[in-house]
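This report concerns only the one structure given below.
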Amino acid sequence: MIEIEELYKYYGERRAVGPLSARIEKGEIVGLLGLNGAGKTTTLRVLACDLLPTSGTVRVGGFDVVERPHEVRGKVGYLPDRPPLYDDMSVDEYLSYAARLKRVESKDLARRVDEVLGMTELGDVRRQLVGTLSHGYRQRLGIAQAIVHRPDFVVLDEPIGGLDPLQIVEMRGLVRGLRGEHTVVVSSHILHEISETCDRIFVIQHGEILWSGKEADLSSEVEHGMRIRLTVRVAGASPEAALERARGLVTGIAGVRSIESREPTESGDGIASLEVVSESDARDALCRALVSGEVGVLEVSRLRDLETTFRALLEEGAPS
Amino acid sequence: MNAALLIARREFYAYLRSPLGSALIAAVLLIDGLWFHFEGMSRPLLSAEVLQQFFYGASGTTMIAGIVLSMRLLAEERQTGTFTLLNTSPVRDSEIVVGKFLSAFAVITLMTALSLYMPLLIFVNGKVSWGHVAVGYLGLLLLGSAATAIGLFASALARSQVIAAVIGAALLGVLVLMWLVARAVEPPLNEFFSALAIHHENFRPFQQGILELRRVAYYVAVTYFFLLAATKTLEARRWR
């Protein structure tokens with residue numbers, strides 16, 4: 001478990017973080033979301049004992065980062081925004097070196113290096129010099145060094161930075177794969193990425209937690225409801241008649257705040273689309289009502305514009 | 001394996017892999033060789049005087065090599081971001097400093113050992129005592145150790161290698177020039193400054209083949225002081 005109480009970190013006169021309090025449970029994947037300069041990296045560096053806090057208490061796995069930094073470092077694996085790689089070593093040599101630094105016992109060393117090479121899919125470049133690796137491989141090697149000693153806590157600072165779309169998908173899978181064995185804290189300034197991988201989000205602005213919770217709650221709280229798109233079909237009816245029938249069926253459902261017609265997402269007889277705004281997730285109730293009214297449901301999807309949501313949150317401040 | 005030795009081994013191989021280590025060793029051996037030829041072999045001198053001339057010249061290149069080798073040790077890691085690996089591993093700051101120091105000192109030792117053929121050449125046409133050779137080399141290693149520790153401290157302070165080299169050279173220069181300050185002041189201050197000088201009074205006995213324990217203690221103390229200062233600098237950086 002990670003416990004942060006009233007953490008402050010100053011660089012000279014400038015407050016980078018604080019006041020910041022949070023609690024991260026064992027096995028969680030938690031995302032720190034914020035714009036550049038919000039205090040994410042500083043917070044992560046404190047968790048990894050790379051920096052010490054100006055004031056406040058931070059306990060990682062029960063150890064205080066100021067009083068027992070040595071123990072904390074043994075329990076944390078850290079990937080900074082720029083992976084700490086020695087270009088003049090081979091991938092194998094580098095991982096063995098990192099493992100030894102992190103007190104992996106000699107008898108477990110070769111097995112552990114093989115395991116993380118497999119997990120991060122670096123086996124085919126294990127003899128290659130680190131300096132010759134592509135950006136994607138370097139990021140993976142950065143994660144490999146962070147987990148080589150089986151840490152309880154893995155702290156990843158912008159792990160998808162600079163990756164191409166395919167590498168982003170792979171990296172997401174890699175981070176999700178850490179769930180269970182490790183408690184993971186990952187930072188990003190892209191809400192979509194955080195929402196894809198994390199159980200819980202902390203939105204950070206000016207060094208303080210602006211909001212915390214699940215991504216679905218963030219959308220519903222900031223947008224003041226959930227937007228749902230429905231595409232329906234009524235056999236033998238005109239699109240207008242189908243729309244009216246569907247509108248009539250969903251109007252009475254609890255939590256539905258507004259219903260608006262939309263351009264049908266596909267063409268055909270009796271096909272209509274509508275957008276429903278509900279106070280909470282009403283997708284199952286909507287489907288039940290439509291089907292019981294003999295209206296076919298061709299599509300039901302939640303409309304998410306995460307970046308707009310994020311921007312709205314930062315502009316409006318914490319939702320009440 | 002002890003973390004300090006682990007770090008030392010990595011850094012030592014890094015020196016051997018990079019052009020810096022071999023180029024520096026080659027340059028030092030070239031300068032030492034030229035000095036030995038022109039100052040030692042081209043004039044009518046006694047064998048012991050030739051050896052003294054060799055140690056005098058080698059002491060200068062050893063000090064410079066200590067600064068050049070150590071300037072990168074911490075500053076470069078900070079520049080490339082690799083220092084984070086050390087800083088977030090369960091390794092003490094003192095182990096980082098000692099490991100880094102040992103790697104550069106190992107290169108100094110290798111470099112110094114490779115110059116041994118020059119004193120051996122004296123045996124072709126002359127005769128010097130093995131004790132003189134051994135004490136002179138001990139002096140070179142102690143001087144190299146002190147210069148490396150000073151450079152390492154500068155590397156802990158600076159963000160770039162160039163600035164580390166400038167700070168290291170300035171600190172070393174101040175310690176070298178203490179003999180001039182000693183000349184300029186009255187007793188008993190002159191003895192104090194003279195005792196602080198990293199080269200003159202403290203190195204001359206080694207050059208002459210005289211082993212004085214207080215001179216050994218001086219170099220050990222300078223090395224220890226600057227390694228401790230480098231450790232404290234790393235510790236303080238975490239609070240910044």
Side-chain angles (χ1 to χ4, degrees), chain A residues 9-12 16 41 44-55 63 65-66 68-90 93-94 96-106 109 129-131 138 142 145-146 148-149 151 155 157, chain B residues 1-23 69 72-100 102-104 107 156 159 161 231-240:
Chain A
K9 181 67 192 179
Y10 281 82
Y11 294 120
T41 295
L44 296 186
R45 288 181 69 191
V46 171
L47 290 180
C49 269
D50 192 25
L51 280 178
L52 292 172
T54 308
S55 68
F63 295 110
V65 295
V66 176
R68 309 282 294 276
H70 207 65
E71 284 79 2
V72 172
R73 288 188 202 117
K75 285 182 170 290
V76 175
Y78 177 50
L79 170 68
D81 53 354
R82 187 164 46 142
L85 308 179
Y86 293 101
D87 288 350
D88 58 347
M89 297 175 102
S90 72
E93 285 173 338
Y94 172 75
S96 299
Y97 176 63
R100 283 195 179 113
L101 277 178
K102 295 169 188 220
R103 312 276 191 216
V104 173
E105 290 191 24
S106 300
L109 191 71
L129 276 182
V130 172
R138 291 175 75 87
Q145 64 78 27
V148 73
H149 56 307
V155 176
D157 193 359
Chain B
M1 186 193 281
N2 182 290
L5 290 178
L6 183 66
I7 294 166
R9 199 174 70 163
R10 196 222 95 74
E11 289 301 322
F12 182 68
Y13 285 123
Y15 277 124
L16 297 186
R17 281 170 180 163
S18 78
L20 176 70
S22 43
L69 283 171
R72 59 171 283 279
L73 284 173
L74 295 166
E76 186 188 39
E77 292 238 25
R78 220 175 282 120
Q79 268 179 320
T80 57
T82 50
F83 192 68
T84 310
L85 177 66
L86 298 175
N87 219 25
T88 58
S89 293
V91 177
R92 296 184 199 288
D93 292 329
S94 56
E95 291 176 311
I96 297 173
V97 167
V98 170
K100 295 280 184 181
L102 287 177
S103 65
V107 178
R159 284 212 156 264
Q161 294 185 61
T231 305
K232 294 297 168 194
T233 305
L234 290 190
E235 284 172 8
R237 276 189 171 274
R238 291 183 199 275
W239 290 101
R240 283 186 190 176

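Protein chains get the first letters and strands the later ones, always in sequence-line order, with residue 1 at the start of each.
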- Item | Backbone of Trp239(B) reached by a side-chain donor or acceptor of Lys9(A) within 3.5 Å | yes
- Note on the structure: Distance col, row Met89(A):CE vs Thr82(B):OG1, nearest 0.5 angstrom, shows 10.5 Å
- Return the minimal non-hydrogen interatomic distance between Gly81(B) and Pro84(A), and the atom names on each side. O-CB, 3.5 Å
- Query: Does any non-hydrogen side-chain atom of Leu85(B) lie less than 4.5 Å from one of Tyr86(A)?
  - Reply: yes
- Item | Per-residue contact mode, Val155(A) against chain B (heavy atom under 4.5 angstrom) | neither
- Task: Inspect the surroundings of CZ in Arg17(B) and state if more than 12 heavy atoms from other residues, nucleotides or ligands are less than 6.0 Å away.
- Result: yes
- Item | Neighbour count >12 (heavy atoms, 6.0 Å) for atom CZ, Arg92(B) | no
- Bottom line for Tyr97(A): the part with an atom under 4.5 Å from chain B's heavy atoms is both
- Select one option (side chain, backbone, both, neither) describing which atoms of Lys75(A) are under 4.5 Å from chain B's heavy atoms. neither
- Message: If I measure from the heavy atoms of chain B, does Pro69(A) come under 4.5 Å with its side chain, its backbone, both, or neither?
- Response: neither
- Message: Between Leu85(A) and chain B, with a heavy-atom cut-off of 4.5 Å, which part of the residue counts as in contact: side chain, backbone, both or neither?
- Response: backbone
- Message: Taking every non-hydrogen pair under 4.5 Å, which of Arg82(A), Arg45(A), Glu71(A), Lys102(A) racks up the most with chain B?
- Response: Arg82(A)
- Item | Side-chain touch Leu101(A)/Leu86(B), heavy atoms, less than 4.5 angstrom | yes
- Query: Do Arg10(B) and Asp88(A) meet the salt-bridge criterion of a basic N to acidic O distance under 4.0 Å?
  - Reply: yes
- Pairwise distance CZ(Arg238(B)) to CG(Leu51(A)) - rounded to 0.5 angstrom: 9.0 Å
- Note on the structure: dist Ile7(B):CD1 -> Arg100(A):CZ (nearest 0.5 Å) comes out at 13.0 Å
- Would you name the heavy atoms of Pro90(B) and Arg103(A) that are closest together and state the gap between them? O-NH2, 2.8 Å
- Message: Please report the interatomic distance CG(Leu52(A)) to CD(Glu235(B)), rounded to the nearest 0.5 Å.
- Response: 10.0 Å
- Note on the structure: Closest non-hydrogen contact found for Asp50(A) with Asn87(B) is OD1-ND2, 2.6 Å
- Note on the structure: Cut-off 4.5 Å, heavy atoms of chain B, and the answer for Glu93(A) is side chain
- Message: With rounding to the nearest 0.5 angstrom, report the OG to NE2 distance, Ser89(B) to His149(A).
- Response: 7.0 Å
